[in-house]
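Structure first, then comments.
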2 protein chains.
Amino acid sequence: MTEDRPGFELPLLLLAGFRALIDRLHAELARQGHPDMRPVHGFAMQAVGLDGASATELGRRLGVSKQAAGKTVDRLEELGYVERVDDPVDGRRKLIRLTPRGVDALGRSAIIFDELRADWAAALGVDRLADLEDALRTAVGSTELRVDTVSWFGT
Amino acid sequence: MTEDRPGFELPLLLLAGFRALIDRLHAELARQGHPDMRPVHGFAMQAVGLDGASATELGRRLGVSKQAAGKTVDRLEELGYVERVDDPVDGRRKLIRLTPRGVDALGRSAIIFDELRADWAAALGVDRLADLEDALRTAVGSTELRVDTVSWFGT
DNA sequence: ACAACTCGACAACCTGGTTTACCATTTCGA
DNA sequence: TCGAAATGGTAAACCAGGTTGTCGAGTTGT
């Protein structure tokens with residue numbers, strides 16, 4: 001006998017779980033004053049981080065070209081989540097920095113993710129959830145918890 | 001005490017798991033004669049199914065507009081995975097049908113997914129993987145295993 | 001028979017990705 | 001030290017796939 005479960009369900013379950021979390025995150029963020037944030041923005045802002053980054057560095061972290069990173073920064077700048085400031089020591093660089101609004105969004109996201117994880121823990125049991133995380137860590141192996149992976153679907 | 005693990009890791013682990021499976025699927029599909037297939041195509045072809053579908057129906061299944069579905073069909077048609085045939089009983093409709101190449105790709109995908117699941121079972125243990133799937137099913141709850149969810153990131 | 005609905009297609013637009021090219025600046029080595 | 005090479009940011013042109021709005025052709029129901 002081979003498998004009693006078809007293999008194609010596994011990726012769908014993983015995706016459904018991911019999507020459920022992200023959808024609920026953004027529903028909550030919208031309620032808390034960030035209705036314009038999109039998943040892609042959260043990833044990008046996470047990659048910018050509290051220390052800021054250059055566009056090139058951001059592209060490297062997100063796994064996209066520096067031009068694509070620049071466009072995303074344009075968007076985040078319009079929405080008021082980041083700002084570009086000239087680098088005082090290198091005339092070529094522009095440092096991308098989170099605005100207070102950006103910091104607020106990131107902080108709220110962290111809190112909401114903790115709450116969502118607590119919901120899962122309540123539904124599954126603390127140990128079972130911990131084992132789920134451990135199992136995933138084992139299965140994905142050396143693959144770092146990358147922050148890129150936003151658009152690699154369509155390409 | 002609250003949580004010993006930060007909540008933001010859970011979605012990243014789910015995404016990493018999903019991505020690992022999909023990346024390996026497409027690496028294998030490329031080796032087996034389908035180098036042009038993209039994740040988005042697999043979802044769409046799955047939604048077309050062996051019975052075919054109209055563009056409007058396909059859009060409904062994928063959770064996108066009929067126009068977007070039509071564009072995806074254009075692409076799949078170029079790649080030789082589907083064909084449009086006139087519906088004999090309804091002059092407005094065009095039935096989208098998998099070509100033999102499309103059926104081949106779908107069949108290979110199913111086999112590869114089974115193999116990938118077997119890899120996970122070998123790495124985690126059969127019971128642990130089954131529990132992971134059960135836990136995910138419980139956590140995502142009523143959310144159907146939807147085939148849409150392709151592009152809802154960026155929007 | 002005719003009004004209302006449905007299907008598919010087209011157009012215009014958005015986001016976010018790519019490659020190519022260019023300018024400004026910094027770095028490095030002869 | 002000074003010019004060549006490397007690097008950072010931006011712009012242009014393009015692609016994929018998403019949106020809404022419009023419209024003609026074909027079906028359906030009264």
Side-chain angles (χ1 to χ4, degrees), chain A residues 19 26 35-45 47-48 52-79 81-97 146-155, chain B residues 19 26 35-45 47-48 52-79 81-97 146-155:
Chain A
R19 173 168 183 166
H26 282 277
D36 294 328
M37 260 192 78
R38 295 289 171 267
V40 65
H41 303 142
F43 278 83
M45 288 170 61
V48 169
S54 68
T56 296
E57 171 64 15
L58 182 59
R60 212 184 53 70
R61 290 184 194 167
L62 294 174
V64 301
S65 65
K66 61 181 179 177
Q67 295 87 338
K71 285 194 193 181
T72 299
V73 171
D74 289 345
R75 193 89 188 85
L76 286 172
E77 208 173 18
E78 281 174 26
L79 294 174
Y81 288 113
V82 304
E83 59 188 352
R84 274 185 249 239
V85 307
D86 290 330
D87 186 313
V89 315
D90 187 336
R92 298 166 303 176
R93 302 182 75 220
K94 294 200 179 156
L95 186 64
I96 299 154
R97 240 181 356 192
R146 303 201 289 184
V147 190
D148 67 350
T149 318
V150 173
S151 73
W152 103 113
F153 274 86
T155 311
Chain B
R19 174 169 181 166
H26 282 276
D36 294 327
M37 260 193 77
R38 295 288 171 268
V40 64
H41 302 143
F43 278 81
M45 287 169 60
V48 170
S54 68
T56 296
E57 171 64 15
L58 181 59
R60 211 184 53 72
R61 290 184 194 167
L62 293 174
V64 300
S65 65
K66 60 183 179 176
Q67 294 89 336
K71 285 194 191 181
T72 299
V73 171
D74 289 344
R75 192 90 187 82
L76 286 173
E77 208 172 18
E78 281 174 25
L79 295 173
Y81 288 112
V82 303
E83 59 187 352
R84 276 185 246 237
V85 306
D86 290 329
D87 187 313
V89 315
D90 186 335
R92 297 166 304 175
R93 301 183 75 218
K94 295 205 178 150
L95 187 65
I96 299 153
R97 240 180 357 191
R146 303 201 289 183
V147 191
D148 66 350
T149 318
V150 172
S151 72
W152 103 113
F153 274 84
T155 311

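Every heavy atom of this structure was used, including side-chain atoms; hydrogens, water molecules and symmetry mates were not.
An OP1 or OP2 oxygen of D:dT20 is reached within less than 4.0 angstrom by no side-chain nitrogen or oxygen of B:S65. Residue A:R93 places no side-chain N or O under 4.0 Å from the OP1 or OP2 atom of C:dT25. For the OP1/OP2 pair of C:dT6 and a distance below 4.0 Å, the side-chain nitrogens and oxygens of B:T56 include no atom meeting the criterion. OP1 or OP2 of C:dA9 lies within a sub-4.0 Å distance of a side-chain N or O belonging to B:R84.
Of the listed nucleotides (D:dT10, D:dC14, C:dA12), D:dC14 has the atom at the smallest distance from the side chain of A:K71.
Residue-to-nucleotide contacts include no donor-acceptor pair under 3.5 Å from the side chain of B:R92 to the base of D:dT27. Applying the 3.5 Å distance criterion, the base of D:dG9 shares a donor-acceptor pair with the side chain of A:K66.
Among the protein residues, A:A55 comes within range of the sugar-phosphate backbone only, with heavy atoms under 4.0 Å from sugar or phosphate atoms but none that close to a base. No engagement by A:D87 is indicated, since no non-hydrogen atom pair under 4.0 Å with the nucleic acid exists. Within 4.0 Å (heavy atoms only), A:R60 reaches no atom of the nucleic acid at all. Within the 4.0 angstrom heavy-atom criterion, only backbone atoms of the sugar-phosphate kind lie near B:G91; the bases stay farther away.
D:dT10 atom C1' lies 13 Å from atom CD of A:E77, rounded to whole Å. Put simply, CG on B:L62 is 12 Å from P on D:dG17, counting in whole angstrom units. In this structure, A:F43 places its CZ atom 14 Å from P of C:dG16, rounding to the nearest Å. Rounded to whole angstrom, the span from the CZ atom of A:R75 across to the C1' atom of C:dC14 amounts to 9 Å. Distance, B:K94 NZ to C:dC10 C1': 13 Å, rounded to whole Å. We find that CG of B:D86 is positioned 11 Å from C1' of C:dG8, with the value rounded to whole Å. Atom CD in A:E57 sits about 15 Å away from atom C1' in D:dG9, given to the nearest Å. The interatomic distance linking A:R38 (CZ) with C:dC14 (P) rounds to 16 Å, in whole Å.
Note that the CG atom of A:D36 and the CG atom of A:L76 stand 11.5 Å from one another [nearest 0.5 Å]. In this structure, the separation between CE on B:M37 and NE2 on B:H26 is 5.0 Å, given to the nearest 0.5 Å. Between the CG atom of A:L79 and the CZ atom of A:R38 there is a distance of 8.5 Å, given to the nearest 0.5 Å.
In this structure the side chain of B:Y81 never reaches within 4.5 angstrom of the side chain of B:H41, judged on heavy atoms. Using a 4.5 Å heavy-atom cutoff, the side chains of B:D74 and B:R84 are in contact.
Nucleotides of DNA chain D nearest to B:V89 and A:I96 differ in position, and the one nearer the 5' end is that of A:I96. Where B:Q67 and A:Q67 meet DNA chain C, the nucleotide closest to each residue was compared, and B:Q67 sits on the side nearer the 5' end.
The environment of CZ in A:R97 is sparse: at most 12 heavy-atom neighbours from other residues, nucleotides or ligands sit within 6.0 Å.
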